[in-house]
Number of protein chains: 2
Amino acid sequence: MASSGKKKATIYDLSVLSGSSPSTVSAVLNGTWQKRRIKESTAELIRSLAETHQYTANRQARGLRSSRSGLIGLLLPIHDNRYFSSMAQTFEAHVRSKGQCPIVVSASRDPKEERKTAETLISYSIDELFICGATDPDGVHEVCEAAGLKHINIDLPGTKVPSVISDNYEGGRMLTEAIIRRFQASGPLEPHELYLFGGRDDHASRERIRGFRAVKNELLGADPDECIQPTGYAPNNARLAFEAFYGKHGKLPRGLFVNSSINFEGLLRFMAGHPHENFTDLVVGCYDYDPFASFLPFPVIMIRQDVEGMISKAFEVIEEARPQPRIHLIQPELVQPRTALTGPLDALKDIE
Amino acid sequence: MASSGKKKATIYDLSVLSGSSPSTVSAVLNGTWQKRRIKESTAELIRSLAETHQYTANRQARGLRSSRSGLIGLLLPIHDNRYFSSMAQTFEAHVRSKGQCPIVVSASRDPKEERKTAETLISYSIDELFICGATDPDGVHEVCEAAGLKHINIDLPGTKVPSVISDNYEGGRMLTEAIIRRFQASGPLEPHELYLFGGRDDHASRERIRGFRAVKNELLGADPDECIQPTGYAPNNARLAFEAFYGKHGKLPRGLFVNSSINFEGLLRFMAGHPHENFTDLVVGCYDYDPFASFLPFPVIMIRQDVEGMISKAFEVIEEARPQPRIHLIQPELVQPRTALTGPLDALKDIE
DNA sequence: AGTTCTTGCACCATCGATTGTGCAAACAAG
DNA sequence: CTTGTTTGCACAATCGATGGTGCAAGAACT
């Protein structure tokens, strides 16, 4: 349907209707009217006209003039993941509460795509950019820097501006230790029975691996290299790694440290092809939290990263006058099996 | 750090550098230069200057002039959910492939918030709006209509413009039938042993319930009213409903039709407070797909809605010259227990 | 009454890109 | 050499909001 809408009202329309000048109308409607010594009665008239004509400012025009847009960007690897989508959810709430408009875009963990996406956002004159889980944060930094855009890293650190990330080393330690303790009753774990799958050569994975190895050494006395299998993040690569191990040994390791829920999906794909009974003695630790995963038929210990904490901290740091490129660590939380935590969803009104 | 970036280059900068007029520069860089009979060599010069100075057009200026922005909006209830976040992911890919910029925003299933959010998006002169899962699609319609904005409904239908939704009646039937069949071996199900939990008085829930009741009648010969418990979408309301039932009967119904993964989380919360062994004879059908839920210790049959199909159809319909406010049904898919399907994630490059 | 403030607002340039129009120079036709 | 045509581009208005500057009318004061 060729939308029959009348054109939106502008300050010029209201200026004619009210008999004032456009600048007066503008001042009244953007709140600077006191500074301009507009009479209360004039302001009142204009406000009521704006109301009845459903006036809303054209943000492109305002943004053009003021070279600000009211848009705040969040650059994600993907939407389709519980961790990142809860980032989006939390981010949105923060931005909204500042009276601005969130714009969330994903860039598929591809450095080129990341830069291109940042450039696109910049062409819309966004006011700030939160760079989350970027493969190449410093590459995005260059683009932002050239445009004079405030920005900050989340989840994966860069070296040029502040970063707010999970304490992956501590998280890795906690998770590894929890997996090992889980076996204390059923029979002690040998070093070669505890494997780490997933992740790649990024800061988060490296730190988790470092924590994993440290705790293995401390508690199991050894830490063979072959127990580290950084298969990337794609579920199918993880699946292939599990298949390969299974093909070779006829079973999985009893203890698994899985680097993310996405990698965990790879484990599920592997399991779909094998009878359920093969995995009774399994303990999985997963560096991510998902309520359904927490109730699987084998013990699943999970790490929940403090998304709210990270976003809050990031908003705090980005406002600083002279932010140093340091790394702010946020503590994650260990989640025992069969735990259904509440989340951002619980803030929903459910009108019945 | 007070970003030290130089101002971005404009067509005026390039006009000075190239010795051409701003309009010539503009024409060259936006592709209309042939129409304006600009010499190839002039165009070449300007293009190379644009390249070396990293020129990108200011979209606010362009949008102001042309009253288009290149932004396409998606209004979601929430991000933090597998179904909706895969909507976002799929939507984004489609928009990107059209050379435009996606802007995804959530409105918490709140009609007022929905309208306000639509108005905000309109103030940025977005070019089209996809309204997904809105509580009050026709309310949002009014806002769009008044602004002359093309829009379309997804997931929950409105009456004023076309809607693309899942065939919830058929999905409800498929899922109900699958649950019932699941009991054929272990002992036939009585009508009062199959309950539906979750959802509220929206089109999707009504259709699913209609399908549920029809199949129950056909296969079990009866369909008591008390077996329908539309507890809303909030996980905790669902939990309370399960607690109430459990308190009264000392067990859960053997067959559960859960209206969404969010409601399913309510079931998990309930289960977290009860020993695992109580739920061995349980079969759950969930109207949503989640790979982890699919591998729970009891059979979970799921419905996967065809997100790609819905988004594609929506893009097709929204381009139509005179779209009628009809409803386009997209078939969902039944997913047997212990199934790990691939999704949008698998399109990810995983650079190693 | 004349001077100085204060009040209340209008005027206008500006942000950067788009686009309708106009017009010289180059070229072709007669 | 004159008249028409085409080529190649410059000019200027425009989109809607912002904010610096200027100025008339009224109030206050000597």
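Labels below follow one simple rule: chain letters A, B, ... track the order of the sequence lines, proteins then strands, and each chain is numbered from 1.
A:His151 and A:His141 have tilted rings, their planes meeting at an angle from 30° to 60° on a 0 to 90° scale.
No side-chain heavy atom of B:Arg96 sits less than 4.5 Å from a side-chain heavy atom of A:Lys116.
Residue B:Ser66 is out of contact with every strand shown, counting any heavy-atom pair closer than 4.0 Å. Nucleic acid contact class of A:Ser67 (heavy atoms, under 4.0 Å, all strands): none. B:Thr32 comes within 4.0 angstrom of nothing in the nucleic acid, heavy atoms only.
The base of D:dG20 sits within donor-acceptor range of the side chain of A:Arg36, with an N or O pair under 3.5 Å. Between the base of C:dT18 and the side chain of B:Arg62 there is no donor-acceptor pair shorter than 3.5 Å. Interface remark: the B:Ser23 side chain does form a donor-acceptor pair with the D:dC11 base, using a distance-only criterion of under 3.5 Å. Side-chain atoms of B:Arg59 stay outside donor-acceptor range of the base of C:dG16, with no qualifying N/O pair under 3.5 Å.
Residue order along DNA chain C, read from the 5' end via each residue's closest nucleotide, puts B:Ala61 first among B:Ala61 and B:Arg37. Of the residues near DNA chain C, A:Ser41 and B:Leu64, the one whose nearest nucleotide (by heavy atom distance) lies more toward the 5' end is A:Ser41.
Nucleotide C:dC15 holds its C1' atom 15 Å from the NZ atom of B:Lys8, rounded to whole Å. Spacing between atom OH of B:Tyr124 and atom P of D:dG16 amounts to 17 Å, rounded to whole angstrom units. What separates CG of A:Asn30 from C1' of D:dG20 is a distance of 14 Å, to the nearest Å. Atoms CH2 (B:Trp33) and P (D:dT7) sit 14 Å apart, rounded to a whole Å. Between the P atom of C:dG16 and the CG atom of B:Leu29 lies a distance of 15 Å, rounded to the nearest Å. Atom-to-atom, CZ of B:Arg65 to P of D:dG16 comes out at 10 Å; the value is rounded to the nearest Å. The distance between atom CD1 of A:Ile46 and atom P of D:dA17, rounded to the nearest whole Å, is 13 Å. What separates NZ of A:Lys35 from C1' of C:dC9 is a distance of 16 Å, to the nearest Å.
The phosphate of C:dA10 has OP1 or OP2 within less than 4.0 Å of a side-chain N or O from A:Ser21. At the phosphate of C:dG8, neither OP1 nor OP2 sits under 4.0 Å from any side-chain N or O atom of A:Thr24. Under 4.0 angstrom from either OP1 or OP2 of C:dC9 there lies at least one side-chain N or O belonging to A:Thr42. Proximity of A:Tyr55 to the phosphate of D:dA17: a side-chain N or O atom is located under 4.0 Å from OP1 or OP2.
Comparing atom distances between the A:Ser20 side chain and each of D:dA17, C:dA10, C:dT18 picks out C:dA10 as nearest.
For the pair B:Lys150 and B:Glu320, the salt-bridge criterion is not met [side-chain N within less than 4.0 Å of a carboxylate O]. Under a 4.0 Å N-O distance rule, the pair A:Arg68/A:Asp127 qualifies as a salt bridge.
Applying the side-chain contact (heavy atoms from CB on, under 4.5 Å) test between A:Phe91 and each of A:Val307, A:Ile72, A:Ile154 identifies A:Ile72 as the sole match. Considering B:Val161, B:Val140, B:Asp136, B:Asp155 as possible partners of B:Ile131, the one that fulfils the side-chain contact (heavy atoms from CB on, under 4.5 Å) test is B:Val140.
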